[in-house]
Amino acid sequence: MSETGTVPEDTAALAKSAKPAPACTMVIFGANGDLTKRLLMPALYNLSGAKLLDDQFTILGVDRDTGSDQDFQGRQRTMMESFTPDKGGEFAEKTLNQDWWSWLEQRLHYMAGDFTKPETFKALADKLGDGNAIFYLAVADRFFGTIIDQLHAAGLVKEKEGTFRRVVIEKPFGHDLQSAKDLNAHILSELDENQIYRIDHFLGKETVQNIMALRFGNGIFEPLWNRDHIDSVQITASETVGVEKRGKFYEITGALRDMVPNHMFQLLAMTTMEPPNSFDADAVRSEKAKVIEAIHPMSAADVETNVVRGQYIAGHMKEEGDVQSYTSEPDVAGDSTVETYVALKLMIDNWRWAGVPFYLRTGKRMSTRKTEIAIHFKQAPFAMFRDTPVDKMTPNVMVLHLQPHEGISVHFSAKQPGQNVVLKPVRMDFNYQDYFELKPSTGYETLIYDVLIGDPTLFNRADNIEAGWTAVQPILDAVAKGGCKIHTYAAGTNGPAAADAMLSLDGREWRKPG
Ligand code: BG6
């Protein structure tokens, strides 16, 4: 990096070196659903703009409703036109770039079909022929097994010499350990592991990938990155949105299943994994699985002290004003005890992290939208400053800001100018946008591109998924038995008081997100 903050040419050249992905048909099951409209299409549009798709690339949307290619194209165009940078952030320009969009639009096709009927897959086989294909399951999880069975029965996942057939599976991957194991066993009886791409969209976020670059591409951090120097770590994913129209899904899912074994554990794994031997997909995924497997199993008693579940009640949001309680949201039971917030304290049983608590929290309708990882370093060992006892000094904290602003800040103490030695907390900031051109991105661009080129590094292997569920299973069991009672918090606040109490028992407090 040059001192002026400009990107040196070799870095710029590297960024430009990605080649268009091989020709392929991307079949999207659930083509009329939200995921397709909100994330996949904008991501494909961005890939079209970046010239990373082959001229022979096509998309075949499959869904139940009847309709023509033109209807499908029209619906996608309307949706794309409704996005603006301030809402979705998918576009660099204020309006749709007509060149990028028309390139994509002419490649959009549609086929009506029932995901459970062999006729659909017969018709699909006729359309696809022998070329490369990706089957993207943008559907409710109850269809995952059925669609894969049908694809298999129709011979659609058989890879002929020199071609690929890959399946992309969205979350939720199972709803507990047993169901995740069953689903893995089921799909692995019909597909090879290397044909399966289990998505966790957090891994598509640039800043999440950057955690590895920070840790393993620099010499100064890794020597400190262990129990000798780190006191504790806080991982926060707070959202301001409520459950929106997803009441039905949320009632059977809740914040724990929705965010923890997947997104939160990906952040945890990136922060705590050992350096892999290489950036080979399996080397990285093995290190991640290893550290998640090392999470100390919670006993029923641990769950009561180390987990806090919360649910939002009516409150006031900065931007939206007064909002209703979770139990008044559409499709939510009036007496629901499903959590919209969860905080947990985890320990990792390995040489590097023994004794270091990891505090994780995530919730809806919280005061701010913020995803961050805060590494709290141990206090200086000795109070050499008159009038500033060591326990009053601000501890050093390094915060990796992932969302909505991307950067890193380091908090430390500096001497306030003057005759007396008085230490004051200061903060050193690095913002990605000061150094790099941040292209609007949904996070799905990298993931779709990686499926197309066959790079599974950023996707979960069966063992990664099962390790995540293993760690949260004791909590699910406790809740099923009526334990781990729900606490309330007012919308617009930072979660229930019980979560603060959990940290104060350890003599710590949550960082104010920001
Ligand atoms: C999804 C969850 O996987 O991730 C949502 O189902 C959550 O409930 C979302 O809002 C958060 O993702 P992001 O990218 O908006 O932080």
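First listed ligand is number 1; within each ligand, the first listed atom is number 1.
Checked by distance only, ligand 1 and R369 stay at 3.5 Å or farther apart across all their nitrogen or oxygen atoms. For ligand 1, the polar-atom distance check against T371 finds no nitrogen or oxygen pair separated by under 3.5 Å. Considering both main-chain and side-chain atoms, Y250 never comes within under 3.5 Å of ligand 1 through any nitrogen or oxygen pair.
Protein heavy atom at the shortest distance from atom 8 (O) of ligand 1 is D258 OD2, 2.5 Å. Closest to atom 12 (O) of ligand 1, if we only count protein heavy atoms, is H201 NE2, 3.1 Å.
Looking only at distances, no side-chain donor or acceptor of Q234 sits under 3.5 Å from a matching main-chain atom of L360. A donor-acceptor contact shorter than 3.5 Å links the side chain of S336 to the backbone of V338.
Atoms of ligand 1 lying under 4.0 Å from at least one heavy atom of K171, given by number and element, are 1 (C), 2 (C), 3 (O), 6 (O). The K364 neighbourhood of ligand 1 comprises atoms 5 (C), 7 (C), 8 (O), 10 (O), with distances under 4.0 Å to a heavy atom of that residue. Under a 4.0 Å criterion applied to the non-hydrogen atoms of F202, ligand 1 contributes the atoms 12 (O), 16 (O). Close contacts between ligand 1 and H263 involve ligand atoms 1 (C), 3 (O), 4 (O) [criterion: under 4.0 Å to a heavy atom]. Residue Q403 has at least one heavy-atom neighbour below 4.0 Å for each of these atoms of ligand 1: 14 (O), 16 (O). For ligand 1 and K205, the ligand atoms under 4.0 Å from any heavy atom of the residue are 13 (P), 14 (O), 16 (O).
Here atom 5 (C) of ligand 1 lies nearest to R246 when heavy atoms of E239, R246, R257 are compared.
Note that the CG atom of D149 and the OG atom of S189 stand 7.5 Å from one another [nearest 0.5 Å]. Taking OG of S286 as the reference point, atom CE of M273 lies at 9.5 Å (rounded to 0.5 Å). Interatomic distance, N306 CG to M298 CE, rounded to the nearest 0.5 Å: 5.5 Å.
One finds a salt bridge joining K171 and D258 here, because a Lys/Arg side-chain nitrogen approaches an Asp/Glu carboxylate oxygen to under 4.0 Å.
Of all the heavy atoms in E251 and V332, the pair that sits closest is OE2-CG1, 3.6 Å.
A distance below 6.0 Å separates the ring centres of F430 and Y435.
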